[in-house]
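What follows is a set of notes on a single structure, which appears directly below.
Read the numbers this way: they start at 1 and go in the same order the structure lists the ligands and their atoms. All heavy atoms count here, side chains included; hydrogens, waters and symmetry mates do not.
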Amino acid sequence: GHADLDKIKDAKIIFVVGGPGSGKGTQCERIVAKYGYTHLSSGDLLRAEVASGSDRGKQLQAIMQKGELVPLDTVLDMIKDAMIAKADVSKGFLIDGYPREVKQGEEFEKKIGKPCLLLYVDAKSETMVKRLLKRGETSGRSDDNEETIKKRLDLYYKATEPVIAFYESRGIVKKVDSELPVDEVFVQVSQAIDSLK
Ligand SMILES: Nc1ncnc2c1ncn2[C@@H]1O[C@H](COP(=O)(O)OP(=O)(O)O)[C@@H](O)[C@H]1O
Ligand SMILES: Nc1ncnc2c1ncn2[C@H]1C[C@H](O)[C@@H](COP(=O)(O)OP(=O)(O)O)O1
Ligand SMILES: [Mg+2]
């Protein structure tokens with residue numbers, strides 16, 4: 001209800017956007033360690049639902065295995081519930097992997113609040129493919145295979161890149177070069193976060 005959302009209003013909301021395998025999760029881990037923000041990965045929330053073995057989880061698994069987007073309401077409800085659960089203790093929220101399309105950003109702002117920063121984790125498509133194939137050797141993720149990676153990349157360029165342009169026009173995008181080693185990317189990430197008042 002209203003009281004829950006009021007608590008979130010004063011916390012920083014940071015969208016972390018980038019292609020599959022660009023390094024969003026890796027940088028979010030570092031941000032958590034340095035700044036103590038709450039990391040909420042839409043993919044992790046969805047994989048937890050799949051792992052629960054619920055009927056809904058089975059439907060989600062089938063969609064994710066194909067590299068497609070799950071229904072907006074499902075993922076937004078999960079993020080909202082997770083934010084409310086942490087509202088009392090959180091100084092800031094890292095929303096990793098959301099929005100995946102402009103409509104997701106609009107709905108988030110209607111139902112939850114406005115982001116103060118969009119952290120754009122940028123890497124070349126060849127780099128992302130290489131990293132995902134490597135991650136696939138150990139991740140156990142059903143979407144880290146060559147065929148699904150190709151679909152996820154196509155969808156990223158088609159649906160998610162416009163999200164970056166949308167928030168550019170609002171002046172809140174900070175791009176980091178995720179071709180660099182993790183530590184060097186994190187220097188840029190830290191600068192972006194430190195620039196917030
Ligand atoms: N800057 C980097 N340099 C080299 N490898 C990286 C870098 N950032 C991430 N990786 C590796 O690439 C893979 C994907 O990173 P991950 O953080 O899971 O990306 P995402 O959450 O964007 O899909 C992981 O195996 C990770 O260790
Ligand atoms: N915001 C969102 N809307 C719809 N589907 C999403 C979503 N976030 C994640 N998913 C689904 C589709 C993705 O292909 C899959 C894995 O997402 P992810 O873990 O964020 O991938 P990655 O970290 O490799 O970018 O979960
Ligand atoms: Mg990730």
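- For atom 24 (O) of ligand 2, the nearest non-hydrogen atom of the protein is Arg152 NH2, 2.7 Å.
- Atom 5 (N) of ligand 2 has Val70 N, 3.1 Å as its closest protein atom, hydrogens excluded (heavy atom only).
- The closest protein non-hydrogen atom to atom 8 (N) of ligand 2 is Ser42 OG, 2.7 Å.
- Residue, atom and distance of the protein heavy atom nearest to atom 21 (O) of ligand 1 are Gly25 N, 3.0 Å.
- Not close to ligand 2: Gln65, with no non-hydrogen atom less than 4.0 angstrom away.
- The shortest separation from a heavy atom of Ser41 to ligand 1 is not under 4.0 Å, leaving the residue out of contact.
- Between the Lys12 side chain and the Leu94 main chain, no donor and acceptor come within less than 3.5 Å of each other.
- In Lys34, the NZ atom is crowded: over 12 heavy atoms of neighbouring residues, nucleotides or ligands sit closer than 6.0 Å.
- Contact atoms of ligand 2 toward Asp143: 16 (C) (distance under 4.0 Å to a heavy atom of the residue).
- With respect to atom 17 (O) of ligand 2, the closest heavy atom belonging to the protein is Arg100 NH2, 3.0 Å.
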Worked check of side chain to side chain contact (heavy atoms under 4.5 Å, CB included) between Met83 and Ile13: CA-CA 10 Å; Met83 288 178 81; Ile13 296 174; 4.0 Å; yes
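- Residue Asp44 places no N or O, backbone or side chain, under 3.5 Å from any N or O of ligand 2.
- The two residues Pro99 and Gly105 have their closest heavy-atom pair at CB-N, 3.4 Å.
- The nearest heavy-atom contact from the protein to atom 26 (O) of ligand 2 is Met64 CE, 3.4 Å.
- Within 6.0 Å of CG on Asp194 lie more than 12 heavy atoms contributed by other residues, nucleotides or ligands.
- Taking atom 19 (O) of ligand 1 as the reference point, the nearest protein heavy-atom neighbour is Gly23 N, 3.2 Å.
- Nearest protein heavy-atom contact of atom 21 (O) of ligand 2 is Arg141 NH2, 3.2 Å.
- At the shortest separation from atom 23 (O) of ligand 1 among protein heavy atoms lies Gly21 N, 2.9 Å.
- The single protein non-hydrogen atom nearest to atom 3 (N) of ligand 2 is Gln104 NE2, 2.8 Å, given as residue, atom name and distance.
- With ligand atoms numbered from 1 in the order given, ligand 1 contributes 22 (O) to contacts under 4.0 Å with heavy atoms of Gly19.
- Applying the 4.0 Å criterion to heavy atoms of Leu46 picks out, from ligand 2, the atoms 6 (C), 9 (C), 10 (N), 11 (C), 26 (O).
- Closest to atom 12 (O) of ligand 1 among all protein heavy atoms lies Arg131 CD, 3.2 Å.
- Between the Tyr98 side chain and the Gln104 main chain, a donor and an acceptor come within less than 3.5 Å of each other.
- No donor-acceptor distance shorter than 3.5 angstrom exists from the side chain of Lys24 to the backbone of Val16, with no hydrogens or angles considered.
- With ring centers used as reference points, Phe15 lies under 6.0 Å from Phe108.
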Glu106/Lys110 under salt bridge (charged side-chain N to carboxylate O under 4.0 Å, His left out): CA gap, chis, key distance, verdict: CA-CA 6 Å; Glu106 292 171 340; Lys110 265 192 230 160; over 6 Å; no
Residues Lys111, Leu76; criterion side chain to side chain contact (heavy atoms under 4.5 Å, CB included); working and verdict: CA-CA 9 Å; Lys111 293 198 173 141; Leu76 185 52; 3.9 Å; yes
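- A heavy-atom separation below 4.0 Å is found between Ser178 and ligand 1.
- Of the protein's non-hydrogen atoms, Arg135 NH1, 2.7 Å is the one closest to atom 18 (O) of ligand 1.
- For the side chain to side chain donor-acceptor pair (under 3.5 Å) with Asp154, the qualifying choice from Lys151, Lys158, Lys150, Arg152 is Lys150, the only one to do so.
- Without hydrogens or angle criteria, Ser178 side chain to Val121 main chain gives no donor-acceptor distance under 3.5 Å.
- The nearest protein atom to atom 25 (O) of ligand 2, hydrogens excluded, is given as Lys24 NZ, 2.8 Å; this is a heavy-atom distance.
- At a heavy-atom distance under 4.0 Å, only backbone atoms of Glu68 (N, CA, C or O) approach ligand 2.
- Lys7 and Ala87 make their closest contact through CB-CB, 3.8 Å (heavy atoms, listed as atom of the first residue, atom of the second, distance).
- Residue contacts with ligand 2, taken as heavy atom pairs separated by less than 4.0 Å, involve Arg135 solely via side-chain atoms from C-beta onward.
- With Val185, Leu180, Val182, Thr26 as candidates, the residue nearest to atom 26 (C) of ligand 1 on a non-hydrogen basis is Thr26.
- Nearest heavy-atom pair, Ser42 versus Ile79, reported as atom, atom and distance to 0.1 Å: CB-CD1, 4.3 Å.
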